[in-house]
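As structure tokens, the structure follows; a few thoughts come after it.
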Amino acid sequence: MEFALTEIQQMVLETARSFADNELLPNAAATDKTGTFPAAAVKTLAELGFLGVAVDEKWGGAGFDNLSYAIAMEEISRGCASTGVIMSVNNSLVCDPIKKFGDDFQKKRWLTPLAQGRRLGCFALSEPGSGSDAAGMRTTAILDGDDYVINGTKNWITSGKEADVCILIAHSDPSERHRGISAFIVDRQESPYGIGKVEDKLGIKGSSTTSLVFDNVRVPAVNRLGAEGMGFKVAMSTLDGGRIGIAAQALGIARIAFEEALAYSRERSAFGKIIGDFGAIREMLADMATEIDAARLLIWRAAVGKDRGENFGKHSAMAKLYASEMSARVCHKALQIHGGYGYVKEYNAERHVRDARITEIYEGTSEIQRLVIARATQVAFDTSQS
Ligand code: CAA
């Protein structure tokens with residue numbers, strides 16, 4: 001097993017780290033406080049090729065691999081968790097399914113501007129009444145002539161306010177469960193839909209989370225992504241990749257929380273010595289450092305599996321499960337190390353706790369990751385017994 005990064009992967013790491021250090025970290029607290037979309041940062045992500053990291057250059061992307069994507073996601077999220085999720089959704093949940101399931105017309109028309117960052121994407125699967133039970137959705141897409149007519153409401157849409165292209169998953173045959181679901185590219189200019197409630201959230205406040213309202217919205221049939229009835233598989237395989245991005249986001253948040261806690265432990269004194277010299281604090285820091293590295297190894301394994309064309313769904317679920325729960329633990333300890341200062345907004349520790357929390361929920365809760373892992377492990381177990 002080779003742990004060394006290639007020259008390109010190293011270059012991606014250094015580019016992302018330098019952007020995070022110089023542009024994201026200095027602005028992250030203000031982005032959180034004002035809840036404003038980090039437009040300047042997203043523009044720079046586009047210039048760096050970070051909105052289409054693993055998309056071929058032919059289609060406007062940077063042409064790097066999925067390991068590079070995971071590396072960049074960690075660094076960007078270390079700088080600003082809100083910018084991280086905007087990047088993750090555009091790459092994993094929007095570019096990726098068009099790259100995998102789109103035809104050349106769709107790639108030229110949508111993948112290219114999305115990967116170049118000239119347009120921004122969102123992904124609409126969940127609904128007010130269905131989240132973990134994704135196939136329980138009620139939004140319909142009924143064929144009428146050359147168009148599908150969309151009716152329903154989608155919920156928890158990252159970048160819902162700013163995005164102008166939406167990957168929509170809906171029932172084209174409501175009499176079937178998952179086999180009646182299809183996927184669509186909905187272009188907001190061509191098929192205007194409504195932006196519903198804009199959520200007031202605990203964290204990642206710079207990224208908008210909205211509902212989308214479809215009231216007899218007509219979408220040309222040529223915008224269907226993949227065959228009719230294939231939409232659930234499009235969504236599931238898209239989320240397999242998305243979970244690598246969110247795992248890397250969780251890792252980036254944990255890293256900055258750890259780095260700040262370590263620095264604080266070297267500055268703060270109590271009982272005549274710096275607190276970093278107390279065993280209780282050193283043990284916390286040791287556990288944090290170990291868990292951060294363990295998460296990175298799981299994430300890199302899933303990303304390399306994706307690059308190799310392997311079935312990486314179980315590994316991405318493991319990476320997402322572990323990294324998100326690890327991030328919550330690390331941020332909790334980082335706040336604890338800061339004592340009372342951790343609980344107030346003068347320091348960043350409380351923000352990291354708030355930002356990390358969502359990574360245990362979106363793109364599949366921890367409970368869903370365990371279900372995916374258990375099912376895949378059971379299959380492997382059954383096979384090994386036969
Ligand atoms: N890849 C391809 N196909 C898959 C698949 C995968 N990873 N997982 C399942 N499928 C296929 C199955 O093979 C099956 O196909 P057949 O009928 O042909 O055999 C079909 O899909 C149905 O599979 P299941 O019976 O396993 O489906 P289920 O109803 O039991 O659901 C689930 C499975 C894993 C619970 C799924 O519903 C799930 O992942 N739920 C969580 C949804 C989720 O992550 N939502 C996040 C929303 S995105 C977001 O957060 C937005 C944001 O902006 C950040």
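Everything quoted here is computed from the prediction, not taken from an experiment.
A cation-pi arrangement is present between Arg329 and Tyr322, with the terminal nitrogen or guanidinium carbon under 6.0 Å from the aromatic centre and inside a 45° cone about the axis.
With sequence neighbours left out, Asp56 forms a side-chain hydrogen bond (donor to acceptor under 3.5 Å, both in side chains) with no residue at all.
A salt bridge links Arg266 with Asp277: the distance from a Lys NZ or Arg NE/NH1/NH2 to an Asp or Glu carboxylate oxygen falls below 4.0 Å.
Among Arg357, Lys345, Lys33, the single residue meeting the salt bridge (charged side-chain N to carboxylate O under 4.0 Å, His left out) criterion with Glu350 is Lys345.
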Please tabulate, for side-chain N and O atoms in residues 131-139, each donor-acceptor pair with protein atoms closer than 3.5 Å (sequence neighbours left out).
from	atom 1	to	atom 2	distance (Å)
Asp133	OD1	Arg177	NH1	3.3
Asp133	OD1	Arg177	NH2	2.9
Thr139	OG1	Glu127	OE2	2.7

May I have the list of side-chain donor-acceptor pairs in residues 242-258 shorter than 3.5 Å, sequence neighbours left out?
from	atom 1	to	atom 2	distance (Å)
Arg243	NE	Glu363	O	2.7
Gln249	OE1	Tyr362	OH	2.6
Gln249	NE2	Ala81	O	3.0
Gln249	NE2	Tyr362	OH	3.1
Arg255	NE	Glu259	OE2	3.4
Arg255	NH1	Glu74	OE2	2.6
Arg255	NH1	Glu75	OE2	2.9

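For Tyr264 and Tyr347, the ring centers sit closer than 6.0 Å to each other.
For the residue pair Thr36 / Thr34, a side-chain donor-acceptor distance below 3.5 Å is found, with atom types taken as modelled. For the residue pair Glu325/Ser366, the side-chain donor-acceptor check at 3.5 Å is satisfied. In summary, the side chains of Thr6 and Gln9 do present a donor paired with an acceptor at a separation below 3.5 Å, with no hydrogens or angles considered. Asp65 and Ser68 share a donor-acceptor pair across their side chains, judged by distance under 3.5 Å alone. Asp96 and Asn91 form no side-chain donor-acceptor contact under 3.5 Å, judged by distance and modelled atom types alone. Under the 3.5 Å distance criterion, with hydrogens and angles disregarded, no donor-acceptor pair is assigned to the side chains of Glu310 and His315.
Taking the side chain as every heavy atom from C-beta outward, Met284 and Ile281 approach each other to under 4.5 Å.
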